[in-house]
Amino acid sequence: MTRIQTVFQDVFDDPQLAITAASTASEVPGWDSLTNINLVFAIEREFKVKFALGEIQELNNVGEMEALIRKKQRRA
Amino acid sequence: MSFHSFAFILVFLPVVVAGYFALGRLGRPALPKLWLLAASLVFYAAGSLADLPLLLGSLAVNGALAVYLLRTQTQAGAGRRALLMAGVAANVLFLCTFKYAAFFVDLFNHAAGTALPRPHTGFPLGISFFTIQQIMFLVDCYEGLVEGHNWLDYSLFGGFFAYVTMGPIVRWKQVAAQWNDPLASRASADNIANGLFVFVLGLFKKVVLADSFFRWADAGFSYAHPLSMAGGWIAALSFTFQLYFDFSGYTDMAIGAALMLNIKLPQNFNSPFRALNISDFWRRWHITLTNFITTYLYTPMLRSMKQVTFVRALAATFVSMTIAGFWHGGNWTFITFGALHGVALVIHQCWRKLKRPLPAPIAWLLTFTFVVVALVFFRSATMGQALHIVQSMFGLQGGLFSYEPWSGIDRVDQVMGIAWMLCGSAILLRAPNSLDLQRRFAPSWAALALSVGLAGISFVYANSVVSRSFVYRDF
């Protein structure tokens with residue numbers, strides 16, 4: 001989660017940004033489709049994984065994103 | 001057959017629901033699904049029998065492609081990717097042939113100075129919706145996100161009557177597992193009650209509210225003389241409210257009908273006119289289309305770039321929205337509608353970089369005004385008509401207020417029109433939306449009385465000459 005938080009802080013350009021597993025796009029100010037795609041790309045680079053297009057749409061909160069990263073890392 | 005027709009409400013839906021649960025008791029899971037598939041084909045054929053072969057053709061071709069993509073899931077190869085691209089291209093070509101042929105012929109004639117005959121075929125029912133659903137399905141098959149595929153489930157997924165003509169646009173994962181739930185074909189009193197309630201809400205929104213706003217919108221848009229500022233705003237606001245109540249009413253009916261059959265469909269609207277910026281608006285308006293645009297248009301566009309910069313992301317936003325506008329129909333008015341939203345989203349992104357948020361009332365007013373103006377292009381048959389209304393809205397044609405003799409609308413009716421606008425604004429900005437009401441719903445005598453009351457009023461309206469077909473049926 002710390003690594004994910006760092007990616008979020010980079011993408012949102014906000015070193016104070018604190019996220020939890022339950023954080024959703026509607027709760028974090030400025031989390032729109034452009035930020036979301038930047039987040040996805042940044043996370044893909046950081047964790048060396050690749051999300052399917054449909055998977056990006058299904059993510060409802062940060063916890064689900066973390067679970068998907070773990071699942072992909074296990075498969076790799 | 002439309003959701004708000006007596007044939008659908010009093011015959012089709014009750015027969016389909018009763019038959020589904022009766023077959024569900026026989027212990028053969030395929031039977032209720034076959035029943036739903038047959039009902040869906042009857043529903044589509046009743047809407048447009050001539051287009052049925054096209055729907056079936058699309059199902060057959062995409063189904064065969066899907067089988068290949070799923071069989072070769074474990075193989076990573078250029079051939080598989082090429083097949084996906086060919087499948088997507090075939091779907092786009094299919095859509096272009098039947099929906100945009102006249103537009104492209106006009107464009108060619110204009111550019112080349114030729115006089116090729118313009119095809120006059122009306123485009124097939126639901127083609128815009130079922131085609132993009134098939135594109136998403138093929139991509140999901142390619143990316144390994146489709147499980148439990150078989151021809152019966154797939155055909156039902158592609159042709160389910162609740163969404164085949166006008167959405168919500170669904171993905172395989174959202175519905176397929178629901179049909180295979182052991183309890184799927186067992187009647188659930190809660191789901192039937194909740195589904196009926198939402199269906200009635202949607203019916204009321206469509207036949208009472210949307211069809212009433214149609215009158216004011218149509219009068220203003222078809223008025224060929226200079227309009228006053230008030231006249232322009234009444235026409236534009238009426239259409240905004242008409243479209244929202246029409247399409248969200250339709251969606252409520254789709255969600256309600258499916259829920260009676262234990263199928264939960266995704267939401268399409270969440271009080272869009274309360275949005276404080278244009279990005280927020282698209283998260284609340286036609287949500288399943290927005291999801292398609294961001295996931296299957298915008299994201300691949302950015303992924304194809306070696307390096308994503310802010311400017312490139314803005315360009316992708318603009319292009320995606322212009323395509324989304326064009327998706328509605330082959331007319332410059334739709335392209336302009338999409339491009340305007342693209343520009344607005346770009347401006348919003350740039351403004352956000354400045355980190356100087358506007359006060360909420362100003363942000364709301366800007367967003368709402370922009371949405372209303374852009375919808376003028378959406379509604380107009382020609383660019384000339386759109387500019388006529390927009391000019392009047394900014395006082396460039398007539399005075400502030402005048403008693404224009406709109407076609408069939410006299411002075412008293414104009415005052416009534418203003419009252420309807422205020423009433424519509426109050427509902428959209430203050431009243432709980434269908435999603436809130438559905439969440440809060442609990443079977444009670446009060447809920448029953450409300451549903452029966454709304455249904456009764458709706459039936460009176462549906463039985464009158466006011467009743468019209470859905471706006472999105474033409475897209």
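Proteins come first, then strands; the chains are lettered A, B, ... in the order of their sequence lines, and each starts at number 1. Being a predicted model, the structure only gives us computed values, none of them experimental.
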At a 4.5 Å cut-off on heavy atoms, which part of I37(A) comes close to chain B: side chain, backbone, both, or neither?
side chain

Are there more than 12 heavy atoms of other residues, nucleotides or ligands under 6.0 Å from atom CE of M305(B)?
yes

Side chain, backbone, both or neither: which part of L145(B) has a heavy atom under 4.5 Å from chain A?
side chain

Partner residues of P359(B) under the side-chain contact (heavy atoms from CB on, under 4.5 Å) criterion, sequence neighbours left out
P361(B), I362(B)

Output all donor-acceptor pairs under 3.5 Å across chain A and chain B; consider backbone as well as side chains.
from: D13(A); atom 1: O; to: K355(B); atom 2: NZ; distance (Å): 3.4
from: G30(A); atom 1: O; to: R352(B); atom 2: NH1; distance (Å): 3.2
from: G30(A); atom 1: O; to: R352(B); atom 2: NH2; distance (Å): 3.3
from: D32(A); atom 1: OD1; to: R352(B); atom 2: NH1; distance (Å): 3.2
from: D32(A); atom 1: OD2; to: Q349(B); atom 2: NE2; distance (Å): 3.1
from: D32(A); atom 1: OD2; to: R352(B); atom 2: NH1; distance (Å): 2.5
from: T35(A); atom 1: OG1; to: R352(B); atom 2: NH2; distance (Å): 3.3
from: E44(A); atom 1: OE1; to: R303(B); atom 2: NH2; distance (Å): 3.4
from: E44(A); atom 1: OE2; to: R303(B); atom 2: NH2; distance (Å): 2.4
from: F51(A); atom 1: O; to: R303(B); atom 2: NH1; distance (Å): 3.2
from: F51(A); atom 1: O; to: R303(B); atom 2: NH2; distance (Å): 2.8
from: L53(A); atom 1: N; to: E143(B); atom 2: OE1; distance (Å): 2.7
from: L53(A); atom 1: N; to: E143(B); atom 2: OE2; distance (Å): 3.3
from: G54(A); atom 1: O; to: R171(B); atom 2: NH1; distance (Å): 3.3
from: Q57(A); atom 1: NE2; to: T295(B); atom 2: OG1; distance (Å): 3.2
from: E58(A); atom 1: OE1; to: K173(B); atom 2: NZ; distance (Å): 3.3
from: E58(A); atom 1: OE2; to: R171(B); atom 2: NH1; distance (Å): 3.2
from: E58(A); atom 1: OE2; to: R171(B); atom 2: NH2; distance (Å): 3.2

